Number of protein chains: 2
Amino acid sequence: MAVSKKRKTLKVQEAGARLRAAGLRPTRQRVALAQLLGAGHRHVSAESLHQEALKAGMPVALATVYNTLNQFTEAGLLREVVVGSGRSYFDTNTDAHQHFYCEDDGSLVDIPGKTIEVAGVPVPPRGMTIERVEVVVRLKRA
Amino acid sequence: MAVSKKRKTLKVQEAGARLRAAGLRPTRQRVALAQLLGAGHRHVSAESLHQEALKAGMPVALATVYNTLNQFTEAGLLREVVVGSGRSYFDTNTDAHQHFYCEDDGSLVDIPGKTIEVAGVPVPPRGMTIERVEVVVRLKRA
DNA sequence: ATTTCAATTTGGAATAGTTCTAAACTGTGT
DNA sequence: ACACAGTTTAGAACTATTCCAAATTGAAAT
């Protein structure tokens, strides 16, 4: 048989523990999604994660995937990456880091945290605080 | 009567000239929109520009506004700024510069071109070239 | 184990922003 | 004035996401 490249998933236990730690009730669906997201650094869209869950034999409604991704993001388990209107990516790497974004195929590639240095960020307008400085390096096929 | 703050618009002539220079046929609608966009630095959405055109007595279909904004962007007359999914802004300032984005009210404020310095941008993946390095400083109400 | 109830999930409808389509119209060259 | 490619238009279609009200479920109490 052909060598199948299977993605590693988290154990149910560990996924549940992470959810509890984040203050989220570990329901069947949330645990399933946390398992899929849990291992390694990944970039997913609601749609792609939904497909993945179905293929993995963990049926979840698309609306639940949306809810869950948003809750995980609020809880600090994920980071939302905005690259283009109409496309939302969620990044399992919540550390400070940046991205390459290829406009041709919509793919996203990490740039490690310490690589890019941003200097000279001005003081924000009155009554505002900086939440995050986001850098996206937009690419085109050469 | 109250002092009305009226936005300056371009003369028809000048708007037409700009369009020709960009290789776009100066139709009535394109001229009208170019007039509205022409003076000063602005951030518009398709919807906001559409409203503005209607109020200015220059009826244009929303679809035309979309077409036109996209054409202007392709022609280098505008720059698209991506800040959040579902929201597309077009910036009349096409020089290299960055933005503050306030997540609370969706507003966009320019950061002048030379203010922010980005260092350490890595070499792009094989066969790719950097089209633009985009920096968005996300703000929250303090 | 059973009961209880708020939290969660669900499928479908609803919404928002944008693009598409086919027919009507218009700018420009002759 | 004429012709025609380019443009505009209204509305349908589409995509990504959120909303909704009903059904289900996890966890705490009995």
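These values consider heavy atoms only, across backbone and side chains, with no hydrogens, waters or symmetry-generated copies. Chain naming here is simple, since letters A, B, ... match the order of the sequence lines and numbering starts at 1 in each. Keep in mind that this is a model prediction, so the values were computed, not measured.
- Residues from residues 23-35 of chain A with heavy atoms under 4.0 angstrom of DNA chain C, sorted by number: R25(A), T27(A), Q29(A), R30(A).
- Looking at heavy atoms from C-beta onward, L24(A) lies in side-chain contact with R30(A) at the 4.5 angstrom threshold.
- Side-chain contact annotation: H99(A) with H97(A), donor-acceptor N/O pair under 3.5 Å present.
- Among pairs with a residue in residues 61-94 of chain A, none fulfils ring-ring contact (aromatic ring centres under 6.0 Å, His included), at least two apart in sequence or across chains.
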Donor-acceptor pairs are to be reported for all side-chain atoms of residues 50-61 of chain A against protein atoms at under 3.5 Å, with residues two or more places apart or in another chain.
| residue | atom | partner | partner atom | Å |
| --- | --- | --- | --- | --- |
| H50(A) | NE2 | V60(A) | O | 2.9 |
| E52(A) | OE1 | R42(A) | NH1 | 3.4 |
| E52(A) | OE1 | R42(A) | NH2 | 2.9 |
| E52(A) | OE2 | R42(A) | NH1 | 2.8 |

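- In this structure, Y66(B) and P59(A) both approach DNA chain C, and ranking their closest nucleotides by distance from the 5' end singles out P59(A).
- Every pair tested for salt bridge (charged side-chain N to carboxylate O under 4.0 Å, His left out) that includes a residue from residues 72-90 of chain A fails, sequence neighbours excluded, so the list is empty.
- Using a 4.0 Å cut-off between charged side-chain N and carboxylate O, R138(A) and E103(A) make a salt bridge.
- Applying the 4.0 Å criterion to OP1 and OP2 of dC19(D), one finds that N67(A) has every side-chain N and O outside that range.
- Not a single donor-acceptor pair under 3.5 Å links the side chain of Q35(A) to the backbone N or O of T9(A).
- For N93(A) (side chain) and D95(A) (main-chain N/O), a donor-acceptor pair under 3.5 Å exists by modelled atom type.
- Residue contacts shown for S88(B) are limited to sugar-phosphate atoms, with no base heavy atom under 4.0 Å away.
- Atom CG of L49(A) is separated from atom P of dA16(D) by 15 Å (rounded to the nearest Å).
- Running 5' to 3' along DNA chain C, contacts with non-hydrogen atoms of chain B at under 4.0 Å begin and end at dG17(C) to dT28(C).
- Using a 4.0 Å heavy-atom distance criterion, A63(A) is classed as a base contact.
- Residues V82(B) and V83(A) are not in side-chain contact: their nearest non-hydrogen atoms beyond the backbone lie 4.5 Å or more apart.
- Per the geometry, CG belonging to L62(B) stands 13 Å off P belonging to dG11(D), to the nearest Å.
- Of the side-chain N and O atoms in R87(B), none sit less than 4.0 angstrom from OP1 or OP2 of dT17(D).
- Side-chain contact check for V121(B) versus Q98(A): every heavy-atom pair is 4.5 Å or farther apart.
- Two residues are said to be in side-chain contact when any heavy atoms from C-beta on lie closer than 4.5 Å; M128(B) and R141(A) meet this criterion.
- In DNA chain C, runs of at least 3 consecutive Watson-Crick or G-U pairs, each pair with both distances below 3.5 Å, span C:1-30 with D:1-30.
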